[in-house]
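Written below as structure tokens is the structure these notes are about.
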Amino acid sequence: MKALTYHGPQDIRYESVPDPMLPGERGAVVRVRSAGICGSDLHIYGGHGFGGGAGYSIGHEAVGEVVEVGSAVARFAPGDRVLAPASVGCGRCAPCGRGVVFLCENFGEGGVYGIGHALGGCQAEAIAVPAADMNLVAIPDGMSDDAALVLTDNAPTGWYGARLGRIALGDTVVVVGLGPVGLMAAASALIMGASRVLAVDLVDSRRARAADLGAIPVEGNPRDEVLALTGGRGADVVIEAVGADATIGLATDLAGRCGRVSVVGISQSPTYPFNLLLAQLKCLEFTIGMCSVQAELPALLPLTTSGRLDPGAIVTHRFPLEAGPDAYALFASRADGVAKVVLDLPA
Ligand code: ZN
Ligand code: ZN
């Protein structure tokens with residue numbers, strides 16, 4: 001089959017790779033109909049991936065159709081229309097039992113697709129899905145493929161970030177970083193009862209897109225503007241969706257007294273110059289983590305089918321899979337109003 005593979009910084013190739021094999025009696029094979037490019041894929045694209053070496057297929061967001069299931073799969077059959085959550089778990093260990101799939105203890109089954117050689121990437125014609133009953137979700141009738149695709153990772157991660165921020169009714173929430181995850185965090189915060197969401201990003205078109213979702217774009221210096229808009233108090237909750245030291249520092253600055261800072265951007269810093277004095281004086285809460293997609297979907301699927309959340313709205317660009325290298329270049333450039341990039345496969 002064909003897949004996008006990583007060979008080095010800015011070197012993504014569309015090439016032939018081995019067909020996925022059924023990963024045991026609990027596994028399934030899914031023919032991919034569309035795949036997303038995620039902000040975290042840009043870490044790999046930029047040459048600072050997650051230790052996976054090179055030559056592996058990439059991507060961790062897919063929707064498609066089940067084509068094969070193992071004998072122990074109870075909930076799925078060939079022909080089912082499914083989304084594959086980006087977080088993969090064994091379904092048997094204690095963290096999986098609690099829904100914290102990202103912390104699955106069974107190395108080899110748990111993890112993420114497309115960050116190394118262990119689990120093949122989703123930007124491919126097909127994927128092997130371990131423990132299918134745990135790692136596939138049926139797409140509700142009437143839900144678009146685009147909505148389902150954003151529900152594999154970006155929407156749950158944004159929702160999780162907002163949830164960790166423990167938004168109370170009427171809170172003023174700031175979202176720092178308005179890529180797909182930040183946009184979904186902004187939409188989530190409004191659903192959770194924020195009185196307003198102030199949207200911070202350097203790129204004009206990203207602030208405009210957040211405004212389309214009901215947020216208030218912060219023009220000018222975010223520190224000055226957020227203070228001005230909150231009567232000098234700062235925000236109740238700040239959700240950070242970039243992962244860079246500078247933006248995490250900004251998020252900490254923008255939180256007011258007893259504020260809560262929730263970081264879901266992927267940090268690659270083993271150390272960080274955290275201003276403990278400032279945090280203590282403000283009585284800040286600081287949370288950071290990785291989303292277990294399966295744990296968030298019970299809320300997000302009905303919010304999407306009811307129309308209160310529209311994950312598909314953030315899709316701005318689509319390419320055929322073979323144009324993947326161009327799609328990566330566009331997404332990395334942040335040009336042309338790009339938010340979510342989808343790779344389509346022939347039916
Ligand atoms: Zn992702
Ligand atoms: Zn597990």
Side-chain angles (χ1 to χ4, degrees), residues 4 6 12 23-24 26-27 32 34-46 49-50 52 57-63 83-116 118-124 127 129-137 146-161 177-185 241-243 264-268 289-297 300 311-312 314-315 324 327-328 331-332 338-343:
L4 299 186
Y6 170 76
I12 299 291
R26 299 171 65 221
V32 176
S34 63
I37 301 180
C38 182
S40 59
D41 291 328
L42 293 183
H43 291 281
I44 299 172
Y45 182 70
F50 306 98
S57 58
I58 54 176
H60 54 264
E61 303 176 352
V63 299
L83 66 89
S87 51
V88 178
C90 74
R92 287 174 165 168
C93 70
C96 279
R98 294 199 308 273
V100 192
V101 176
F102 186 77
L103 299 180
C104 176
E105 291 168 349
N106 286 319
F107 189 75
E109 275 196 335
V112 178
Y113 302 102
I115 61 170
L119 280 174
C122 292
Q123 291 157 13
I127 52 171
V129 179
D133 287 334
M134 178 83 187
N135 297 312
L136 290 177
V137 174
D146 282 354
L149 188 62
V150 176
L151 286 169
T152 63
D153 185 2
N154 298 154
T157 300
W159 178 264
Y160 166 75
L178 303 171
V181 169
L183 291 172
M184 287 290 95
V242 181
V264 285
I266 306 284
S267 169
Q268 293 194 306
M290 295 289 293
C291 177
S292 294
V293 173
Q294 287 87 334
E296 310 301 334
L297 289 180
L300 292 176
I314 68 168
V315 174
Y328 267 88
F331 189 41
V338 67
K340 187 67 183 173
V341 180
V342 171
L343 301 166

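Counting convention: from 1, in listed order, for ligands and their atoms alike. As the structure is a computational prediction, the values presented were derived from the model and not from experiment.
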Discussion item. Go through it in stages, so that I can follow the logic: the residues are R92 and E105, the test is salt bridge (charged side-chain N to carboxylate O under 4.0 Å, His left out), and I'd like the CA-CA distance, side-chain angles, deciding distance and then a yes or no.
Written reply: CA-CA 9 Å; R92 287 174 165 168; E105 291 168 349; over 6 Å; no

Worksheet item: Okay, side chain of E296, backbone of W159: is any donor-acceptor separation there less than 3.5 Å?
Response: no

Discussion item. Which residue is it: D153, T157, V264? I am looking for the one with a side chain to side chain contact (heavy atoms under 4.5 Å, CB included) to C291.
Written reply: T157

Practice prompt. Test V112 against L119 for side-chain contact (heavy atoms from CB on, under 4.5 Å), laying out the working first.
Written response: CA-CA 7 Å; V112 178; L119 280 174; 5.9 Å; no

Worksheet item: What pairs with Y160 under side-chain hydrogen bond (donor to acceptor under 3.5 Å, both in side chains), at least two apart in sequence or on another chain?
Response: none

Practice prompt. Could you tell me which non-hydrogen atom of P156 sits nearest to which non-hydrogen atom of L151, and how far apart they are?
Written response: CG-O, 3.1 Å

Fill in: Nearby protein N/O/S atoms (those under 2.8 Å) for the Zn ion (ligand 2), with water ignored
C90 SG, C93 SG, C96 SG, C104 SG

Worksheet item: the Zn ion (ligand 1): which protein N, O or S atoms are under 2.8 Å away?
Response: C38 SG, H60 NE2, E61 OE2, D153 OD2

Worksheet item: side-chain contact (heavy atoms from CB on, under 4.5 Å) with L4: which residues, sequence neighbours excluded?
Response: I12, Y14, I58, Q123, L321, P325, Y328, L343

Worksheet entry | Heavy-atom pair of closest approach, residues N154 and P180 | OD1-CB, 3.3 Å

Fill in: Exam field: side chain T152 to backbone A86, donor-acceptor pair closer than 3.5 Å
no

